[in-house]
Amino acid sequence: MLSAFYLRCALSYKIRNKNLDNTLFYLLLCSHQGLISMGEHLVIVESPAKAKTIEKFLGSNYTVKSSFGHIRDLSKKNLGIDIEKGFEPDYLISDDKKKVVSDLKAAVKKAATVWLASDEDREGEAIAWHLSDVLKLDKENTKRIVFHEITKVAIQNAIENPRQIDMDLVMAQQARRVLDRLVGFELSPILWRKVKPKLSAGRVQSVALRLIVEREREIQNFKAKSSYKIDGIFNPEGSAKSVKVYAEIPEKFNTEKDALSFLEKSKGARFNVASIEEKETKRTPAAPFTTSTLQQEASHKLGFSLSQTMRAAQNLYEAGHITYMRTDSTNLSKLALAAAAKTITELYGKNYSKTRQYATKSKGAQEAHEAIRPAYLNITEIGGSPVEKKLYALIWKRTIASQMADASIIRTLVTIESDSVKHKFEATADKVLFDGFLKVYMETKEEDSGEKEIEFNLPELRIDQEMNPISIKAAEKFSQKPPRYTEASLVKRLEELGIGRPSTYAPTITTLGQRGYVIKESRPGNERSYKEFLLEKGEIKSSVKSETWGVEKNKLFPEDIGILVTDFLTANFTSIIDYNFTAKIEGDFDKIAAGELKWNKVIADFYTPFHETVDKTLATSRPTNAVRLLGVDPKSGKNVYVRLGRFGPLAQIGEADDPQKKYMSLSKGQLIETITLEGALKLFNLPRTVGDYNGEDIIAAIGKFGPYIKYRSSFISLGKDYDPYTVEVADCIKLITEHAKKEANKKIQSFPEEGIEVLRGRFGAYIKKGKENYKIPKGKDPETIDLATIKEIILKQKK
DNA sequence: CAGTGAGCGAGCTTCCGCTTGACTT
C-alpha cells in the first residue's frame, strides 16, 4: 500500500518535472524496491533560511534541518586542549546548541539517510564531521554533499555525487581552531597580568589593531610638504569672451620662488595650442559583491557601518531577497547570469549586456558560496526598511552592472604652451561614447583620490590657436597625510592580507572597540593658511587664504591601551603579529588538507617555541611606555607625568608618594604618546570658576559626557561652540537662561511636596519621582492627571 | 548624567569561525 503510494508520487513527479525529480524518482524507486530502507531523508545545512529554500525544491519525503553553524567547540575551561596527548581537543556542545542537537538527534532517528550538506570549505567540512560524530551517524546511511548555489540543478548534481567526509580537510580545520585557541588563550592572560585584566589578543584582532596603531604613528610623524600648483584660465582667440578653458600644469612647483618666477615670465606671454590628442579608453565594471566589497561600498555610498550593513543583509537574506551575505566569492550561478542578461536586455537593450565571470582574487578565499546578488534579478526594488531598500538597490546595481558592456570614453588632452615659459598647461575633457555599465553603477574610488568625475566640455580648438590667459593662479598645496582607517578600509586591508573571514570582519572590529583599544569617531579639522598668487591683467597679487584640513569622519583612532598592547606584543611576539603570519600558517593548513602534513605536527612545531616565549615573557617583561615624564610644572616645581590609570589615561603632578599629588584625566583625543607638557598642564586649569550669576558661582569643567558648566544644581553641556577653558560669563548666562526655559517647557505638572513631577520627554510625557521614571498608561491625560492616580501608577510600576 | 586614581587578593576575564535569536532600554 505504502510502496504503491511512493511509486505513484514518483511517477507524478516525473511527469511534472524533468530534471531534479529524476533523482527523486530514482531514490523513491530504490526505497520502493527496498534498496534503501523505507523512511525519510534528512538533509542538514548550516543556515535555517537555506533549509527553508531547499525544502521547497525537494519532495515531501525530505526533511531539511539546520545546524545553525558549528554545533561544538573547544571547552572553555582551561585550554580545551590536552597538550600532552598531542594537542587532543576537548570538544563540547555549548548550551545554546543543546536544543539544536537534540532536535537533530530526533530527526536522525526518523530518517533512513542523512545528507550532510554543510558548506564546501574547511569549516563546513568540520561541521559535517562534528555532526556525524555527535549524532553517531553510520557511514552506510550518511552522505556528504555540497552545492555552491541553491538551484534545483545544483542540488540535483549534489545528490547524484555524494562522497565521504574528507578527514584531511577536517583536520586542517582542527589545526586552525587549535592554533587560534592556543594563541588567544596564552597571550590574553599575559596581558591581564602585565597590562590590565579582561584584555585580549589573537591572531586576527592583534594584527588589525597593529594596523591602526602603525597608521596613527605614520600620521603623527608625517610632515606636510608644501608645493605650488598652477592653474590657468584661457580664452581661445576668436571665440566669445565667455568661453573659458580650464587648464593646469601637471608638475608641482617646489618653492614659492619657482612658482613666482613662472608667473613673472608669464606676464604678457603669448600662449597657443600645442597639441590636441584624443584617446579612447575602456572602463570595465567591478566584480559582484563579496562581504568585504559590500561592506566597503555600503560605507562609501550609503554611509553604513559594518554592523548596519550586515544586519540589513541578514534581513534581506532571510526574506529571500538576496543570496548568502557572508561570502568571499565573486562567482555567479549560470541561472543568475542568464537572468542578468535577460533583465539587462529588457531594460537597456541587447548591446548593454555582456556576460562575464570574475575570478576571485582575495587571498585565502574558500568560495563556498556565490557572490552576494539579488535572488531574482528582475526585481529592481523590494519592500522593507529604508536601510534594507537602499542596500538591496546597491546589490542589484552592482550585480547588474557586472554583467553589462564596457563603457567607452574619449579623453581629449590639449596642451597649451608659450615660448616664454618651460612648462606646458594641460586641459582635459572626457566624453562618454558608450556608457555601458556606467548607466547603472560606478564603483567609488579610494578616498581622497581627488579624481573628478565631472565631464568637462572643451570648445573646438585647433593647433596653434592663440589662447589668451584670463588669469593664472599659483596656490600653495600641502601633501596629504596617510588616511586613518575606516571600518571599511580596515576590512579591505585585512582581506588583502588574508586575515579574518567574511563572518568575522565586523565582529573583530567591534571587539577592538569593546576592549578599549580603538574608538570610532569624528574629529573636527584644523585651520591652516596657504599662500596664493594670482596673475591677472598683467599684475601679480598675493594673498593668504585659509582652509580646513584633517577633518575625520567615522575613523578608527587607537586609544592609549591599544598602543600599549601593540607595543607589548610587537616587542615580545613579533612573529605572531607579523602581517604574514596568517598567510604562512594557511600554507601549512593547505598541506594538512592535501594529506601532506599531519595536523598536530604543524601545531607542535608552532607551539614549542611559542610557549617558550610565553613563559619567558611572563617571567621577565614589563609593559613598555607605561609612564612618560613630560617635564616640570613651573608653578610647583614638581614633575609632570602621564600614564595609564585604573580608569584610563591621566596626567599627574608630583611623585607617586607625594601626598599632595594631583590628577586629571586626559581629554578625548589626547594620547600619552603625543601629549605635550603644555597640554597636560592646561588640564589642571579645570574645574574653573567662570564668574557668578545672581550671587552663585558658575563652574566650567569636563565630565564623563564632555565639557559642561554647572550652575546651582544643573549641568549644562557646552557643546562644540564653547571651550570650557575660555568660556565667558555672558555666554554662560545665555546658556543658563536657555536651559531654564527648556526645563520649564518640559514641566507639565508639579507636586513639590511629594517630589513628583509630570514631564515631557523624548518619548512623550512621563512621571518623575526622585530619580525614578514612570510611564503614564494610555488613556490618561498628563495635563489633568491627579496626584492620587499618579501615586497609584507609581505603586503599580514599582513592582 | 557630569569620578575616579588605596588595598585586602576571591574568582573571572580571553581566541576565531560557523550560525541566529534572546535579551533590555
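Quick note on labels: first sequence line is chain A, next is B, and so on, each numbered from 1.
For A/Arg326 against B/dC18, no side-chain N or O and base N or O form a donor-acceptor pair under 3.5 Å. Between the side chain of A/Ser665 and the base of B/dG3 there is no donor-acceptor pair of N/O atoms closer than 3.5 Å.
Within the 4.0 Å cut-off from OP1 or OP2 of B/dT20, not a single side-chain nitrogen or oxygen of A/Arg311 is found. Between A/Gln205 and B/dC15, a side-chain N or O to OP1/OP2 separation shorter than 4.0 Å is present. Within the structure, every side-chain polar atom (N or O) of A/Thr504 is placed at least 4.0 Å from both OP1 and OP2 of B/dC16. A sub-4.0 Å separation between OP1 or OP2 of B/dC15 and a side-chain N or O of A/Ser200 is present. One finds a side-chain N or O of A/Tyr324 lying less than 4.0 angstrom from the OP1 or OP2 phosphate oxygen of B/dT19. OP1 or OP2 of B/dC18 lies within a sub-4.0 Å distance of a side-chain N or O belonging to A/Ser503. Contact annotation: A/Tyr663 reaches the phosphate of B/dA6 (side-chain N/O to OP1 or OP2, under 4.0 Å). Between A/Arg203 and the phosphate of B/dG17, there is a side-chain N or O to OP1/OP2 separation shorter than 4.0 Å.
Nucleic acid contact for A/Thr511: sugar-phosphate only, since backbone atoms but no base atoms lie under 4.0 Å from a heavy atom of the residue. Looking at heavy-atom distances under 4.0 Å, A/Gly202 makes contact with sugar-phosphate atoms alone, never a base. Residue contacts shown for A/Gly648 include a base, since a base heavy atom lies under 4.0 Å away. Nucleic acid contact class of A/Asp73 (heavy atoms, under 4.0 Å, all strands): base. Nucleic acid contact class of A/Ser67 (heavy atoms, under 4.0 Å, all strands): none. Residue-level contact check: A/Val204 touches the backbone only, with heavy atoms under 4.0 Å from sugar-phosphate atoms and none from bases. Counting non-hydrogen atoms under 4.0 angstrom, A/Ala201 reaches the backbone sugars and phosphates but no base. Within 4.0 Å of A/Lys76, counting heavy atoms only, lies at least one base atom of the nucleic acid. Within the 4.0 angstrom heavy-atom criterion, only backbone atoms of the sugar-phosphate kind lie near A/Leu199; the bases stay farther away. Among the heavy atoms of the strands lying under 4.0 Å from A/Pro48 are primed sugar atoms or P, OP1, OP2 only; no base atom is included. Counting any heavy atom pair closer than 4.0 Å across all strands shown, A/Gln173 reaches no nucleic acid atom.
If you measure from atom NE2 of A/His130 to atom P of B/dG17, you get 15 Å, rounded to the nearest angstrom. Whole-Å rounding puts the A/Leu104 CG to B/dT19 P distance at 16 Å. Summarising the geometry, the separation between NZ on A/Lys65 and C1' on B/dC18 is reported as 19 Å, rounded to the nearest angstrom. Atoms CD1 (A/Ile71) and P (B/dT19) sit 14 Å apart, rounded to a whole Å. Atom CZ of A/Phe185 and atom P of B/dC16 are 10 Å apart (whole Å). To the nearest angstrom, C1' of B/dT19 lies 14 Å from CZ of A/Arg501. One atom, CD1 of A/Ile190, and another, P of B/dC15, lie 14 Å apart when rounded to the nearest Å. Computed from coordinates, the A/Tyr708 OH to B/dC1 C1' distance equals 10 Å when rounded to whole Å.
Between A/Trp192 and B/dT13, a base-stacking contact is recorded: ring centres under 5.5 Å apart, planes less than 30° from parallel. For A/Phe715 and B/dC1, the ring-to-base geometry does not satisfy the stacking test (centroid distance below 5.5 Å, interplanar angle below 30°).
Ring orientation note: the planes of A/Tyr324 and A/Tyr317 are nearly perpendicular, at an angle over 60° on the 30°/60° scale. Using cut-offs of 30° and 60° for the angle between ring planes, the A/Phe610 and A/Phe573 rings count as tilted. The aromatic rings of A/Tyr693 and A/Tyr711 sit tilted relative to each other, their planes meeting at an angle between 30° and 60°.
Here the nucleotide nearest the side chain of A/Phe647, chosen from B/dC15, B/dT14, B/dT4, is B/dT4. Among the nucleotides B/dT20, B/dC16, B/dT13, the one closest to any side-chain atom of A/Arg177 is B/dC16.
Residue A/Ser206 is the one, among A/Met325 and A/Ser206, whose nearest nucleotide of DNA chain B lies closer to the 5' end (criterion: closest heavy atom).
Judged by the 6.0 Å and 45° rule, A/Lys682 forms a cation-pi pair with A/Tyr725. Cation-pi geometry between A/Arg515 and A/Tyr517 is not satisfied (NZ or CZ under 6.0 Å from the ring centre, within 45° of the ring normal). Under the 6.0 Å distance and 45° angle rule, A/Arg210 counts as a cation-pi partner of A/Tyr579.
Nucleotides B/dG9 and B/dT13, compared at atom C1', are 16 Å apart to the nearest Å.
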Exercise for review: Verify salt bridge (charged side-chain N to carboxylate O under 4.0 Å, His left out) between A/Arg501 and A/Glu123, making sure each step is shown before the conclusion.
Suggested key: CA-CA 11 Å; A/Arg501 303 279 311 132; A/Glu123 298 295 327; over 6 Å; no
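More than 12 heavy atoms of other residues, nucleotides or ligands shown are found within 6.0 angstrom of NZ on A/Lys661.
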